[in-house]
Amino acid sequence: MRLSQPLCRAVRVNPNGRATIDGDRVRDWRTLSDRVTRLASGLAGLHVKPGDRVAILGNNCDTFLELYYAVVWMGAVVVPLNTRLATSEIAFQLDDAGVRILCFTREFIPMVENLRQNGPADRVYVAMDDENIPGGRRSEEHTSELQSRLHLV
């Protein structure tokens, strides 16, 4: 059984049912599945392949769940990070797991800046927030969904 099967089943059984609630934002299963599919396509634009490690550094939010499903949808490996760890502990986990892409939310920008300065040059850092991240930039070479949802920094 694939980890994405429960999402596929929920879309078949109850496509208009409530899937996530994040503040005032409510999404149904069909919308969640569509966003996951487009995120997976965007990650493919970053050359994520089955078996690649993709870390997520973010608090509990609907975007975390969407990205989690997108990574497993592609056959890549999700590396959820403990948000309460120190920067040095996160750096160790990233290196130990062989993480190629680190996705993060805005509250972790200072930590990510430190990780970028001291981490491997080939690691890709991607902001998960819908809004533009200060100091971030968009990459025209990636899919439009990735550009609208994830921001390369």
Leu94 and Leu81, any side-chain heavy atoms less than 4.5 Å apart: yes
Asn118 side chain near Thr87 side chain, heavy-atom distance below 4.5 Å: no
Exercise: identify the closest heavy-atom pair between Ala40 and Met74: O-SD, 3.4 Å
Validation row: Leu43, Leu67 side chains within 4.5 angstrom (heavy atoms): yes
Distance, nearest 0.5 Å, that separates OG1 of Thr105 from CG of Asn59: 5.5 Å
Close side-chain approach of His47 and Arg100, heavy atoms under 4.5 Å: yes
Residue pair Leu85 / Met111: nearest heavy atoms and the distance that separates them: O-CE, 3.5 Å
Heavy-atom closest contact (Pro80 atom, Phe64 atom, distance): CB-CZ, 4.2 Å
Test log, rule side-chain contact (heavy atoms from CB on, under 4.5 Å), inputs Val48 and Val71: CA-CA 9 Å; Val48 173; Val71 172; 6.0 Å; no
Asn60 atom CG: more than 12 heavy-atom contacts under 6.0 Å: no
Side chain to side chain, Ile101 and Asp52, heavy atoms closer than 4.5 Å: no
Electrostatic pair Asp34-Arg38, nearest N-O below 4.0 angstrom: yes
Backbone N/O of Ser33 and side chain of Thr37: donor-acceptor pair under 3.5 Å: yes
Tyr68 atom OH, over 12 foreign heavy atoms within 6.0 Å: no
Main-chain N/O of Asp22 paired with Arg27 side-chain donor or acceptor, under 3.5 Å: no
Closest contact, heavy atoms only, Trp29 versus Arg18: NE1-O, 3.5 Å
side-chain hydrogen bond (donor to acceptor under 3.5 Å, both in side chains) pairs, two or more places apart, involving residues 88-99: Asp95-Arg123
Full working for side-chain contact (heavy atoms from CB on, under 4.5 Å) between Trp73 and Cys8: CA-CA 10 Å; Trp73 192 286; Cys8 295; 3.9 Å; yes
Nearest atoms (heavy-atom pairs only) where Ile90 meets Asn82: CD1-O, 3.5 Å
Common cluster, Leu39/Val77, ILVMFWY with side-chain heavy-atom separation under 4.5 Å: no
Closest non-hydrogen atom pair, Pro15 against Arg12: CD-O, 4.1 Å
Contact check, side chains of Val36 and Leu7, non-hydrogen atoms, under 4.5 Å: yes
